[in-house]
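Dropping a structure here in structure tokens format, bear with me for questions.
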Amino acid sequence: MSELAPQFDPKQIEGPLIERWLEGGYFCGVPDAGKTPFDITIPPPNVTGVLHMGHALNNTIQDVLIRKNRMAGRPTRWVLGTDHAGIATQNKVEQKLAKEGLSRSEIGREAFTRKCWEWREQYGSRIVDQLKSMGCSCDYGDEWFTMNESYQRAVREVFVDWYDAGLIYRGRRIINWCPRCTTALSDIEVEHEDIAGRLHYLRYPLLTPVGERTHITVATTRPETILGDTAIAVNPGDERYTELVGSFAVLPLVGRKLELIADDYVDPDFGTGAVKMTPAHDPNDFEVGQRHDLEQINILDENGVINDQGGKYAGLDRSECRKVILADLEAGGFVEKIEEYPHAVGHCYRCHTQIEPYLSDQWFVDMKPLAAPALSAVRDGRVKFHPERWSNVYYHWMENIRDWCISRQLWWGHRIPVFYCDACGGQFASKDDLSACPDCGAPLRQDEDVLDTWFSSQLWPFATFGWPQESAELAYWYPTSALSTAPDILFLWVARMIMSGLYFMDGQAPFSDVIIHPTVFNKEGKRMSKSLGTGVDPLDLMESYGADGMRFGLMLQVTGVQDLKFSEEKLLSSRNFANKIWNAARFVLMNTEDYQPVASPPTPTHTVDRWILSRLYGLSSRVTGGIDRFEFGEVARELYEFVWNEFCDWYIELAKGRLQDSAAERAAVQRMLVFVLDQVLRLLHPMMPFVTEEIWGKLPLERAHEAEMLVVAAWPDPSVLARYHDTEAESAIETIKAVISALRTTRARYGISPKTALRAVVRTSLPEQTEFITSRRALIEGLANTSSLEVATVLDKPPSSVSVIGAGLEVFIPLEGLVDLDAERARLSREQDKLATELERLQRKLGNEGYLGQAAAAVIEKDRARAEELQELLAKIEGQIADLS
RNA sequence: GGGCGAUUAGCUCAGUGGGAGAGCGCUGCCUCGACACGGCAGAGGUCACUGGUUCAAGUCCAGUAUCGCCCACCA
């Protein structure tokens, strides 16, 4: 009796199997100098994070690659770890403190970072556990963290190297400032979003009238910034203002004298052609200010509140200030008009607060020298993007790259390893902490800022192998094989890994293939997001469909598309698919209790066996190639179709009768059932690791020569299975299927119970067909319930019979008294029209000289054969219609 | 303002030059010893639109429309 329940229950097997895989140590990659490794460093999830749909998709992709290559015998390793995620984690910890009525400034830097580490201890393993429950075969014994000791050394090594090379510098610039996170951000951490803004036309009185002109009008979207105005600019070629250049205006409400200057930056066609200059709060104005030596007046504090420079407006929040200033301007008659003006403004990618362009001292990386080799690496194919179109996006960004602001005014992160001597003014970047000035011996103080999280993330593919420590491990596993990730971190992370990898690892890119998977959207086309409430929790999905069901359902949805509208139905069918596999295995196990396992592969003689093995060969070839080409959706569909429509619907059904045959026949079928199921479980394992492992463990295999578990069993080698390729058997089985389908269709059409045995008469077109069908009549009798089966090349249509035609055959089914002759005649007539139309089209094509001259011979041959077949079919139908009249 | 992607059956989507497909849903029949998370049989589509290339176009090219995404320092 089978030990398997009739319905597959993922919950019962998933936990224990994870334990067994871990205990077996199968996930720890072991270097083998003679073999090419396959390894991936996981995109490290944030320590604060929980598993979302993007992770579920991305990690399934990686696990499929890892498991397939592990089975194929390559030393395989999937490096695991988490990212300290500066802003995100700091925000979480601050929120927690706030609940306790505390703020970070109250407890101080040291206590605060301690709290962050505690947070990491408490929640850092959450997402790792979730990866385990998905079945991800990461190297759990070697978990990394972007702030661990070794990683800190890597970060310092990089900083100091680039500092010494002049690639890292400090500068006073306009950067993107988030007043809520109170830190600088890099350009790519800003999300542009259209808002319904307004363009305010403001009248600035001239100090002394020029001719009839008493004022000049400027346009601005941010009236509160007038507090920082230090000039007015016009285009030098703009004749409207030529006479005013060099004169002065008076800043409303403030009274500051503003010179009218001329600069090419100004577009005379926009607004009034005159622009107020606020060098401390606008990047363009800043540059104009540099050229004209304008005063920079910073009017905001770090929280976005007007500072002392704002006079009576000091203390107002920036948005409040806008309202108050506008009211005052209106009252003073300075507002000429206000227009609706939708435009894009930047928002913080972490907290979504409006970004403030802000003048401050920050650290930058000079990117152009790093970008050049990284461009070549993709251009000459050392790094390939999948789908390929993403390389254009990469080129565009890299070609227009700007310097990277890497300093953050946070406490949680890698502190910038630069030390200042207040005594002698010295500045030192150092891999080790310094306490005394190397020049004068005075005490030093370290820079207060930390580095952008992405500064450390970019080192992931080599820092996780212990770099900067040179080691055999690093040499063996670097460069890694593939990287799979979401498109939204292409610039933040992927591009930077390529740049730093090439720079520090001797010109070797960190990976050869970058898989950019689709972004997961919900059915309404909205981004899956927890905060928007549009997300689906992968843990819930695994609860409903099992880990295998979720994984396979996701793989079915991965094609070359850019955005993926998540379909839960696919997960349902995948759960059902797992159940189908489970029950096919039950059938095999129930029928092999008396089977003696053998190690050698089968040598099939029966046509059905030759057929399924030939199909298996084709499957192995498509699955192997498909995974290697990252065509996951295609692979999933191939597996689904083979298991369900070929193995279950036909092979197993045809096997049922044969199992009751002679002992030799039964043994042969048993051998086949075990072999095909074994092979197909191997092919399925990367996508559905749990159900396949569980079943495989129960298969009657010759265990002495087998791997301990499926996770490390040998991958089916298409070049070995190629010996089973057998087109003759494939077409022979098509014939059998055609006869059976003809009988079934007739039953359904006339409502004849499956229990009523039918008499069938088959007219074939070839003697070989007659012979084959005759020799396999038992199969037909079994699946179509025929009481007698007469087959011949020459025979008369039996009286009162209906007929079905196809595949060079005519199947006649005598249905004395059961058939509505009119209905049958109408049906045949419809069939005739259909075939005639097809034939007509085909003949027109075959009469076309251009076609005959240029089309491939095989294509023409195929069409000719089809035309011939159609003519035969039409002749038969005509005969049948005549018979019925 | 630039770039990319999508538009195929009621829904979600495969299908990159020669016979329109899948899953779910729908209809009919089936409690047949693997599976009702199942079996068998069916219905359902002018492949967004216009033009072009080709002997041949869902598939290649150009344009249009609609939707979506990314990049972008014109106040």
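As a basis for the values below, the full set of heavy atoms in this structure was taken, side chains included, without hydrogen atoms, waters or symmetry mates. We name chains A, B, ... by the order of the sequence lines, and we start the count at 1 in each one.
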A:K580 side-chain N/O to B:G39 phosphate OP1/OP2 under 4.0 Å: yes
Taking only nitrogen or oxygen atoms into account, show me every contact under 3.5 Å that the protein makes with nucleotides 54-60 of chain B, one pair per line with its distance.
| unit_1 | atom_1 | unit_2 | atom_2 | d |
| --- | --- | --- | --- | --- |
| B:C55 | OP1 | A:Q854 | NE2 | 2.8 |
| B:C55 | O2' | A:N848 | ND2 | 2.6 |

Sugar-phosphate, base or nothing in reach of A:Y395, heavy atoms under 4.0 Å: nothing
B:U46 versus B:G39 - spacing of their P atoms, nearest Å: 30 Å
Within 6.0 Å of NE2 in A:H396, more than 12 heavy atoms from elsewhere: no
Nearest-Å distance for atom pair NE2/P, residues A:H386 and B:C4: 20 Å
Closest nucleotide among B:C35, B:A34, B:A14 to the A:A584 side chain: B:A34
Stem segments of RNA chain B by first residue number [Watson-Crick or G-U, under 3.5 Å, at least 3]: B:1-7 with B:65-71, B:10-13 with B:21-24, B:26-30 with B:38-42, B:48-52 with B:60-64
With sequence neighbours excluded, residues passing side chain to side chain donor-acceptor pair (under 3.5 Å) with A:K862: none
Side chain of A:A748 - closest among B:A41, B:A34, B:A14: B:A41
RNA chain B-proximal residues of residues 568-577 of chain A, any heavy atom under 4.0 Å: A:E569, A:K570, A:S573, A:R575, A:N576
C1' spacing across the pair B:G25 / B:A65, given as an integer number of angstrom: 30 Å
Test side chain to side chain contact (heavy atoms under 4.5 Å, CB included) applied to A:L541 and A:E568, step by step: CA-CA 9 Å; A:L541 294 175; A:E568 198 165 328; 3.9 Å; yes
Aromatic ring proximity, centroids under 6.0 angstrom, A:W582 and A:F8: yes
Student check: side-chain heavy atoms of A:P268 and A:R240 closer than 4.5 Å: yes
Pairwise P distance, B:G2 and B:G63 [rounded to whole Å]: 13 Å
Under-4.0 Å salt bridge between A:R198 and A:E340: yes
Residue whose nearest RNA chain B nucleotide is more 5′ - A:T221 or A:R841: A:R841
B:G28 to B:C60 separation - C1' atoms, rounded to the nearest Å: 43 Å
Sugar-phosphate, base or nothing in reach of A:R402, heavy atoms under 4.0 Å: base
Side-chain heavy atoms of A:Y851 within contact of A:I860, under 4.5 Å: yes
Flag side-chain contact, heavy atom, 4.5 Å: A:L554 against A:V558: no
Whole-Å gap separating C1' (B:G21) and CD (A:E634): 12 Å
Partner set under side chain to side chain contact (heavy atoms under 4.5 Å, CB included) for A:P357, not counting sequence neighbours: A:I174, A:R222, A:P283
Gap between atoms CG and C1', on A:D187 and B:A72 respectively (whole Å): 11 Å
Closest to the A:E653 side chain, choosing from B:C35, B:A41, B:U31: B:C35
Charged N-O contact under 4.0 Å between A:D285 and A:K276: no
A:V859 side-chain proximity, nearest of B:G18, B:G42, B:C35: B:G18
Whole angstrom value for the distance that separates P of B:C74 from CZ of A:F286: 18 Å
Sugar-phosphate, base or nothing in reach of A:V218, heavy atoms under 4.0 Å: nothing
From B:C35, B:G19, B:C13, nucleotide with atom closest to A:R586 side chain: B:C35
Inter-nucleotide C1' distance (B:A22, B:A62), Å rounded: 32 Å
Salt bridge (charged side-chain N to carboxylate O under 4.0 Å, His left out) evaluation trace for A:R841 with A:E838: CA-CA 5 Å; A:R841 215 184 49 212; A:E838 193 189 338; 5.3 Å; no
Interatomic distance where CD belongs to A:Q557 and P belongs to B:C11 [whole Å]: 17 Å
Side-chain N or O of A:Y545 closer than 4.0 Å to phosphate OP1/OP2 of B:C37: no
Distance, C1' atom - from B:A75 to B:C69, rounded to whole angstrom: 27 Å
Torsion-based syn/anti label for B:C47, 90° from 0 as limit: anti
Whole-Å gap separating C1' (B:C71) and OH (A:Y394): 16 Å
Check ion pair A:E868-A:R864 (N to O, under 4.0 angstrom): no
Exercise: do A:H292 and A:D263 side chains pair donor with acceptor under 3.5 Å: yes
Side-chain N,O (A:T559) to OP1/OP2 (B:A14) below 4.0 Å: yes
Residue mapping more 5' on RNA chain B - nearest nucleotide basis, A:F270 or A:H192: A:H192
Sugar-phosphate, base or nothing in reach of A:K656, heavy atoms under 4.0 Å: base
CZ/A:R866: more than 12 non-hydrogen atoms of other groups inside 6.0 Å: yes
Atom-to-atom span, CG of A:N522 to P of B:U12 - whole angstrom: 12 Å
Separation between the P atoms of B:G52 and B:G58, rounded to whole Å: 15 Å
Heavy-atom side-chain proximity of A:W650 to A:E646 below 4.5 angstrom: no
Sugar-phosphate, base or nothing in reach of A:N591, heavy atoms under 4.0 Å: nothing
Every protein N/O lying under 3.5 Å from an N/O of nucleotides 62-68 of chain B:
| unit_1 | atom_1 | unit_2 | atom_2 | d |
| --- | --- | --- | --- | --- |
| B:G68 | O2' | A:D563 | OD2 | 3.4 |
| B:G68 | N2 | A:Q562 | NE2 | 3.2 |

Salt bridge A:R622-A:E634, side-chain N to carboxylate O under 4.0 Å: no
Whole-angstrom distance between B:G15 and B:A6, as gauged at atom C1': 15 Å
Euclidean distance, atom NZ of residue A:K565 to atom C1' of B:C13 [Å, nearest integer]: 10 Å
Below 4.0 Å: OP1/OP2 of B:G3 and any side-chain N or O of A:W397: no
Aromatic ring proximity, centroids under 6.0 angstrom, A:F521 and A:F566: no
